[in-house]
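For reference, the structure is listed below as C-alpha cells.
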Amino acid sequence: VITITLALLLIPLALGTFSSLIFGWQWFIGPPTRLYSLFLLLAVITSSIKLFQYLRRRAPPSPPQPPGQWALFGLAFAFAGYWMLQHGKLFPQGGWDAWSIWNLHARFLYRGAAGSWRELFDGALFWSHNDYPLLLPALVDGFWIIAGTDAQFIPRILALVFAILAIAIVSTATSTFSRDQRGCLAGLILLATPSFLRYSSSQMADIPLATYILTAVVCLQFATLWPQLRLAMLVLAGLASGFAAWTKNEGLLFVLAVFLTHAAALAFISTRRRCLRDLVKISLGLAPILALILGFKAFLAPAGDIPLNGAAIERMTHIERYLQTAAAFATNAMYFGDVLAVGATNPGLLMALYLILYRSPSKSLMVTSLVRLLLPGLVLAGYFMVYIITPHPLQAHLATSLDRLLIQLWPASVFILATAPVAMSPERTTASTLSSQLVNAARKMK
Amino acid sequence: MQAALVVSGITLLLRKRSALVGLIMTLAILNLFVFRERVKSGSVAGVALDDRFQELRAALARETHVGYISDDGSPTSGYIGTKNYNVTQYAVAPIVVEPGTTRDVIIGNFEKFDPRRIPGDLVIDQDFGNGLILLRKRPQ
C-alpha cells in the first residue's frame with residue numbers, strides 16, 4: 001500500500017510540474033512545439049520515477065493486506081468510474097464553468113500560442129475570471145500540443161484522472177497510516193459523494209484543487225509519520241500547496257492555512273527552532289510556484305473581482321450578511337453531496353459512522369491530526385469572510401459557489417478525520433495527555 | 001413503539017462491528033446508485049458547437065478583436081453573460097469578442113435573424129445559418 005500511495009502522490013505533482021513548465025516556456029521562451037512539450041513531459045516523468053525510487057527506498061515496509069474489502073472497493077470504484085464517464089457525455093464541453101472559464105483559457109493558450117494568448121487578459125473577458133491561475137488550462141494546453149489537436153477528450157480525461165487520484169489517495173494513504181483495511185472505507189465515503197462525482201465529470205477545477213489540497217495534507221502527515229522522509233515530504237507538501245494556489249485563487253487561502261496549522265501542530269510537539277526549520281522546508285517546495293503565481297498576478301492577470309477595499313470593509317459591518325452566509329453554510333452542510341436527491345445519505349453521516357466504528361481500538365490520538373483538523377476549518381472561515389466582503393449579490397454568489405467550495409475541502413477532510421484515531425506516529429500522544437500538552441504550551445507562551 | 005424499535009436496532013447495529021461496516025458500505029453503495037439514477041435521467045445539457053462556428057472562426061483568421069450583437073436582449077457594453085455570447089467567445093478563442101459594434105468586424109448571433117433590424121452602418125459579410133452572421137462596418 002505504501003508503494004502505491006507514494007506513486008499516487010507523485011502523479012498530481014508531476015502533472016502540476018508539467019503544466020507550470022509548459023506555461024513558463026510559453027511565457028518566457030515562446031510557443032512550445034510538440035517536440036519540446038514531449039521532452040518536458042518525459043523529463044517530468046523521469047524525475048518523478050527517480051523521486052519515487054528514492055522515497056520507496058526510505059519508506060518503511062507495509063504489512064500485506066487481505067484483498068477482501070479492497071475487491072469490493074475496486075468494484076464500487078469501477079461502477080462510479082463508468083457512470084462518471086456516462087455523465088461526462090451529457091456535458092461534451094464540460095459544465096458551464098468548465099467551458100466558459102477553464103477550457104476557454106486553455107483554448108487561448110493553445111490556439112494563441114504564437115502570442116495572442118495574452119489577449120486572454122483583455123478587459124472584455126473579465127466575466128471569464130481571467131485573473132484565475134492557469135494550472136489546469138496550461139495542463140490541457142500541454143497535452144493538446146502533444147496530441148496536435150484541441151480535442152475535447154483531453155480535458156475530460158484529465159478531469160477524471162484528478163478525481164480518481166483523489167479517491168485513490170484517500171484510501172491508500174489512510175491504510176498506510178492505519179496499517180489495516182480502513183482506507184477502503186474512507187475511499188468509499190469519498191466515492192459515495194454524488195456531487196464529487198458530478199463535478200469531476202463536469203470538468204470543474206474544484207476537483208484538481210481538492211486533489212492538491214489532499215496531496216499537501218497527506219504529505220504533511222507523512223512528514224510526521226516518517227522522520228527519515230521528513231525533508232522530502234515537507235518539500236512535497238509545499239509544492240502541492242503551491243499547485244493548489246496555481247489551480248484556483250482559493251488555493252492561496254489554503255497556503256496560508258497550511259502555514260498556520262503546521263506551526264500550530266509543531267508548537268505542541270516540538271521546539272520553536274524545529275518549527276521554523278520545517279516551515280522553511282515547506283517554503284522550499286512552495287517558492288518556485290509562488291514565484292510563478294506572483295509573476296502571473298503582477299505582470300499578466302487583471303485585478304480580481306473581490307477586492308479588499310473600503311466598500312468591502314463596510315460590508316463587514318452588515319450583520320445580516322453574516323446571518324445569511326451562516327444559514328447558507330448550514331443548509332449546504334445539511335444537503336452536502338447532492339443529498340436532495342431521494343435516497344441519498346449525507347456523506348458526513350457516513351463519516352460519523354466511520355468514526356464510531358474506529359473509536360474503540362485505540363484511545364490514542366495523533367496531536368498533529370487533531371491540530372490539522374483546524375486546516376479545513378481555517379479555510380472555511382476564510383471562505384466565509386470572502387462571502388461577507390463579496391461585491392456580487394450575496395444570495396446568488398452563495399447559491400452558485402458554496403457547494404463547490406465545500407467539495408474542495410472534502411477529500412482532505414475525509415483523510416484527516418479517517419486518520420485522526422490512528423496512533424502510530426513516533427510523536428503520538430494520548431488523548432488524555434493532550435490537555436496537559438496544551439496547558440504546558442500555554443505556560444511556555446506566558 | 002416503532003421509534004423504540006428503530007432506536008434499539010440502531011444501538012445494536014452500532015455495537016456490532018461487522019454490522020456497522022455493512023451499514024457504511026450499504027449506504028455508500030446506495031449513494032452510488034443515486035448518482036447512477038441522476039445520470040440516467042439526465043439529458044445532454046452542455047454546449048454543443050456545430051460546424052457553423054468552425055466556419056466563423058476560419059473567416060476571422062486575421063482578427064484579434066471583434067464586436068458582438070444579438071437580439072436576445074444582450075447589452076451593447078459591459079457584462080453580457082448570455083449563453084449565446086459565451087458560446088460564441090468560446091468558439092472563436094483566441095479572438096476577443098467585445099459587446100456592441102465597437103470593431104469593424106462584428107459577429108451577430110441572433111435567435112430570429114431579421115436583416116431589417118441590423119444597424120444601418122453594418123453590412124452582411126457572411127451568413128453561416130441559424131442566425132449566426134458575420135457583419136462589417138460600411139466603408140465611410
Side-chain angles (χ1 to χ4, degrees), chain A residues 69 72 76 79-80 82-84 86-87 89-96 98-100 103-113 116-120 122 124-128 185 188-189 191-194 197-198 201-202 337-339 341-345 347 349-350 353-354 356-357 360, chain B residues 10 13-49 57 61 63-68 77-83 85-87 89-100 102-103:
Chain A
Q69 283 187 11
L72 187 68
F79 181 87
Y82 174 78
W83 286 104
M84 279 161 76
Q86 297 306 311
H87 185 250
K89 286 181 184 171
L90 301 178
F91 298 90
Q93 310 285 335
W96 181 282
W99 63 264
S100 70
N103 290 339
L104 174 67
H105 295 181
R107 284 187 166 197
F108 269 88
L109 293 178
Y110 177 73
R111 293 176 174 178
S116 56
W117 63 272
R118 288 169 189 266
E119 302 294 351
L120 169 61
D122 190 292
L125 294 172
F126 73 94
W127 55 269
S128 84
L185 273 189
L188 203 56
I189 291 170
L191 202 57
T193 309
L197 305 179
R198 182 167 59 82
S201 45
S202 305
D338 278 356
V339 294
V342 180
T345 307
L349 178 64
L350 296 180
L353 290 173
Y354 173 99
I356 292 170
L357 177 66
S360 55
Chain B
I10 290 173
L13 208 58
L14 295 184
R15 283 186 182 172
K16 194 101 175 160
R17 208 173 161 75
S18 55
L20 197 49
V21 171
L23 179 66
I24 294 172
M25 285 185 164
T26 308
L27 292 175
I29 288 165
L30 278 176
N31 272 15
L32 286 176
F33 275 91
V34 166
F35 177 66
R36 185 191 76 150
E37 286 310 308
R38 192 183 169 129
V39 175
K40 280 174 83 175
S41 61
S43 55
V44 176
V47 292
L49 297 177
R57 190 173 157 239
E63 308 297 332
T64 58
H65 290 70
V66 294
Y68 178 86
S77 64
Y79 178 56
I80 294 184
T82 62
K83 187 172 180 180
Y85 167 74
N86 285 19
V87 168
Q89 174 60 78
Y90 179 62
V92 302
I95 298 160
V96 177
V97 182
E98 297 176 353
T102 50
R103 301 281 171 168

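Every chain is numbered from 1 and lettered A, B, ... according to where its sequence line falls, protein lines coming before strand lines. Computed from a predicted structure; not experimentally measured.
The CD atom of B/Glu63 lies 12.5 Å from the OG atom of A/Ser116; values are rounded to the nearest 0.5 Å. Distance check, rounded to the nearest 0.5 Å: CG of A/Leu188 to CD1 of B/Ile29 gives 6.0 Å.
Every residue two or more places apart in sequence or in another chain that forms a ring pair (Phe, Tyr, Trp, His ring centres under 6.0 Å) with B/Phe33 is listed here: A/Phe79. With sequence neighbours left out, B/Tyr85 forms a ring pair (Phe, Tyr, Trp, His ring centres under 6.0 Å) with A/Trp127, B/Tyr68.
B/Arg36 places no side-chain N or O within donor-acceptor distance of the main-chain N or O of A/Trp83, the cut-off being under 3.5 Å. A donor-acceptor pair under 3.5 Å is formed between the side chain of B/Arg17 and the backbone N or O of A/Leu357.
In this structure, chain B has a heavy atom under 4.5 Å from the side chain of A/Leu72, while its backbone stays farther away. For a residue to count as touching a neighbouring chain, one of its non-hydrogen atoms must lie under 4.5 Å from one of that chain's; by this rule A/Leu197 touches chain B with backbone and side chain alike. Heavy-atom distances place no part of B/Glu37 under 4.5 Å from chain A, backbone and side chain included. Of the two parts of A/Leu104, the backbone and the side chain both hold a non-hydrogen atom closer than 4.5 Å to a non-hydrogen atom of chain B. Looking at A/Ser100, only its side chain comes within 4.5 Å of chain B, counting heavy atoms on both sides.
The minimum heavy-atom distance linking B/Gln89 with A/Phe108 is given by the pair NE2-CZ, 3.8 Å. A pairwise comparison of heavy atoms in A/Glu119 and B/Pro94 identifies CB-O, 4.1 Å as the closest pair. When every heavy atom of B/Glu98 is checked against every heavy atom of A/Ala124, the shortest pair comes out as CG-CB, 3.9 Å.
Among A/Leu349, A/Leu120, A/Ile189, A/Leu125, the residue with the largest count of heavy-atom pairs under 4.5 Å with chain B is A/Leu125. Chosen from A/Tyr110, A/Trp96, A/Tyr82, the residue pairing most often with chain B at heavy-atom distances under 4.5 Å is A/Trp96. Between chain B and the options A/His87, A/Arg198, A/Arg107, heavy-atom pairs under 4.5 Å are most frequent for A/Arg107.
Between B/Leu30 and A/Thr345 the shortest side-chain heavy-atom distance does not fall below 4.5 Å. In this structure, the side chains of B/Asn86 and A/Trp99 come closer than 4.5 Å at one or more pairs of heavy atoms.
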